[in-house]
Amino acid sequence: MILLLTGIICLLAFATGNSIKKQENPGERFVCTALPPDATPGCPMPGFTGTPEEELRATVIQLRETILQQKETIGNQKETIRELTAKLSRCESLAEDGKHGSWKKLPGKSGGKDTMGDLPRDPSQVIDQLSRTMQTLKDRLENLEHQLRSNVSYSALPSDLREMLQRRLGDLEHQLLNKVAELEDEKSLLHNESAAHRHRTESALTALLERVSELEKGSSAFKSPDDFKVSLPLRTNYLYGKIKKTLPELFAFTICMWLKSSASPGIGTPFSYAVQGQANEIVLIEWGNHPIELLINDKVAQLPFSIGDGKWHHICITWTTRDGMWEAYLDGVKLGSGENLAPWHPIKPNGILILGQEQDTVGGRFDATQAFVGELSQFNIWDRVLKSEDIISIANCTANMPGNIIPWADNNVDVFGGATKLPLEPCEERAIDL
C-alpha cells in the first residue's frame, strides 16, 4: 500500500513538474518510478534508464503485485480471526461441560495449528493449560500487529474490518479471562467438596477402628461381660469406680443395681452423677443415721427401706420430669413413690458418673465419710420409666435387660485406688444368701 501511494504521488509530481518545465525549458522532463521497500523515497531515482512507457508499465506491475500481497495478508488475518473465534467457542463448550462435572477431550482442528490441545481432567491443569493458551494467543496477536505495522499502514485497512478486528480481539481476551475465573471458582468448590468427603470418610473409619478396639478389649476375663462386681471394701476417699460413658439429656430414667453392704452407720454413696454447675444432679446416698435419700438437682426424696444387712438386694429407682414423679423398688417390690422431686427439670448431659463416692465437684473432692462400703453389680440406666413387671422380672432373675443408656459391661467400668472387679453371678449368690 505504501508503494501504491508513492507511485501515485510520483505520477502527480511528474505531471505537475512536466507542465512547469515545458514553460521554463522545453528540452527537460521528469520521470518517476516505483521504489523497492528498502529504498529511500525520492523522485526521480538517479541512474534509472528507460523509456517513459517502460517505466509506467513497471510501476503498474509493481502496484498490482503490492495489491495482491495486501489481499493475501488480509485473507490470512481473516483466517486467524476465524481460528481464534473457533477456539473461543471450544473454551465455552469446555466451561459448560465443567459445570456438569465432565471434562471432555477437545479434538484439534485438522490441517491447522491446535493452540488448545487436549485438556486434562484435573481443573487445576485445565487452568494452567488455558493460561498458556491465552499467552500463546496474545503472542500471536502481537505478531499480527507487527505484521500490520511492517506490511501495511493500519489506517489503510477498511474501517469496518479494523473495528471488527479490535472488537473481536477485545471480546476474546475478556471472555478468556471470564472462563479462567469460572474455572478457578469451580476448582475451589471441588476442593471444598473433596475435603468434606475426606473428613466424613476419615470420621467413619475412626469410628470403625474405635469399635474394633472396643470389641478387642471387650474379651472379658469373666464368663460373661456383665458377670462381675465392683468391690469397695474400705471407707476411704480414693476407692471408687468410674463409668466410661456419660448421660445424654434425660426427661425420665430408671436406674437399677444389685447392692450388698453391712457398713454402719449408713452404707454411703452407691453412685453419684455430677455436671458443670451441679455436683448433685443425681445421687443415691445413705449417710450416718439418715435414711437412704435420692437427690435430683439437689432436691431430696427419702426412700422407705434399708439394705445394710450384708445380703444382696436389687434396687430400682424411676423418675420423670413431669411433676417430678418417682418410685422406689426393693427386690422387685414397690415400697415408695412421690412427686415434686425436681419437677420439669431435665437431667443435664455430659457429666461424670462415679460408683462408690459422692462428688463435691465434677469428678472429685470425695468425702470418706460418704463413701460406699460393700459390693455393687448390674448397674444399668434406661432413658424411660420401666414397667413394674419388667422390674420384677429383673429382680427375680427371669429377664436380662441391659440399660439402653448405660449397660453394665466390663469394658465400660474402670476402678481406682484399690477397688477391684471380681467374677459374680448375682442371682446365684442371692440364692446362696436365701
Side-chain angles (χ1 to χ4, degrees), residues 226-235 239-241 243 253-273 282-295 300-319 326-338 353-358 370-382 385-403 406-408 413 419-434:
D226 62 346
D227 285 346
F228 73 99
K229 63 183 178 182
V230 173
S231 177
L232 302 163
L234 301 175
R235 196 181 294 276
L239 271 74
Y240 66 97
I243 304 295
F253 67 73
T254 299
I255 301 176
C256 295
M257 72 201 79
W258 286 91
L259 292 177
K260 179 180 180 181
S261 178
S262 58
S264 180
I267 63 172
T269 307
F271 77 91
S272 63
Y273 175 69
I282 310 176
V283 180
L284 182 66
I285 184 172
E286 184 183 49
W287 183 30
N289 295 319
H290 301 284
I292 295 180
E293 295 177 340
L294 172 65
L295 282 71
V300 181
Q302 293 184 346
L303 309 185
F305 52 72
S306 178
I307 57 175
D309 57 2
K311 297 181 180 181
W312 282 103
H313 292 281
H314 187 261
I315 295 176
C316 273
I317 301 164
T318 70
W319 173 86
W326 61 271
E327 295 176 338
Y329 292 80
L330 179 64
D331 298 328
V333 179
K334 184 169 74 172
L335 297 182
S337 63
L353 193 54
I354 297 293
L355 303 178
Q357 296 284 351
E358 192 273 336
Q370 298 174 335
F372 173 75
V373 179
E375 296 173 337
L376 182 149
S377 182
Q378 296 296 320
F379 183 86
N380 290 280
I381 301 180
W382 295 262
V385 175
L386 292 185
K387 298 178 181 179
S388 297
E389 51 266 30
D390 291 333
I391 295 175
I392 293 172
S393 298
I394 297 172
N396 293 336
C397 299
T398 58
N400 182 19
M401 294 178 57
I406 301 293
W408 183 250
V413 180
T420 56
K421 291 194 288 187
L422 302 172
L424 171 73
E425 210 300 313
C427 292
E428 293 179 3
E429 291 206 14
R430 185 186 180 194
I432 295 174
D433 289 341
L434 295 176

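In what follows, every heavy atom counts, from backbone to side chain, and hydrogens, waters and symmetry copies are set aside.
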task = Please name all residues satisfying side chain to side chain contact (heavy atoms under 4.5 Å, CB included) with Ser393, sequence neighbours left out, ordered by chain then number.
result = Thr398, Ala399
request  = State, yes or no, whether a side-chain contact exists between Phe271 and Ile243 at a heavy-atom distance under 4.5 Å.
outcome  = no
Candidates Thr318, Ile381, Leu386 - the one meeting side chain to side chain contact (heavy atoms under 4.5 Å, CB included) with Ile255 = Ile381
ask   = Mind checking what makes ring-ring contact (aromatic ring centres under 6.0 Å, His included) contact with Tyr329, not counting sequence neighbours?
value = none
ask   = With sequence neighbours excluded, what pairs up with Tyr240 under the side chain to side chain donor-acceptor pair (under 3.5 Å) test?
value = none
key: For Thr254, all residues meeting side chain to side chain donor-acceptor pair (under 3.5 Å), sequence neighbours excluded   = none
inquiry  = Applying side chain to side chain donor-acceptor pair (under 3.5 Å), can you list everything that pairs with Ser337, at least two apart in sequence or on another chain?
reply    = none
request  = Under the side chain to side chain contact (heavy atoms under 4.5 Å, CB included) rule, collect the residues that match up with Val373, sequence neighbours excluded.
outcome  = Arg235, Ala263
task = Keeping the roles fixed (side chain from Ser272, backbone from Gln357), state whether a donor-acceptor pair exists under 3.5 Å.
result = yes
task = Would you please name every residue forming a side chain to side chain contact (heavy atoms under 4.5 Å, CB included) with Ile317, sequence neighbours left out?
result = Leu284, Leu294, Leu303, Ile315
inquiry  = Could you work out, with salt bridge (charged side-chain N to carboxylate O under 4.0 Å, His left out) as the rule, every residue matching Lys387, not counting sequence neighbours?
reply    = none
key: Those residues that, when tested against Asn400, pass side chain to side chain donor-acceptor pair (under 3.5 Å) (two or more places apart)   = none
query = So do Ile282 and Phe253 actually touch side chain to side chain, heavy atoms under 4.5 Å?
reply = yes
ask   = Does the pair Trp408 and Phe379 meet the rule for a ring-ring contact (aromatic ring centres under 6.0 Å, His included), with working shown?
value = CA-CA 5 Å; Trp408 183 250; Phe379 183 86; 7.0 Å; no
inquiry  = Test of understanding: with side chain to side chain contact (heavy atoms under 4.5 Å, CB included), list the residues that count as partners of Glu293, not counting sequence neighbours.
reply    = Ile285, Leu295, Val300, Gln302
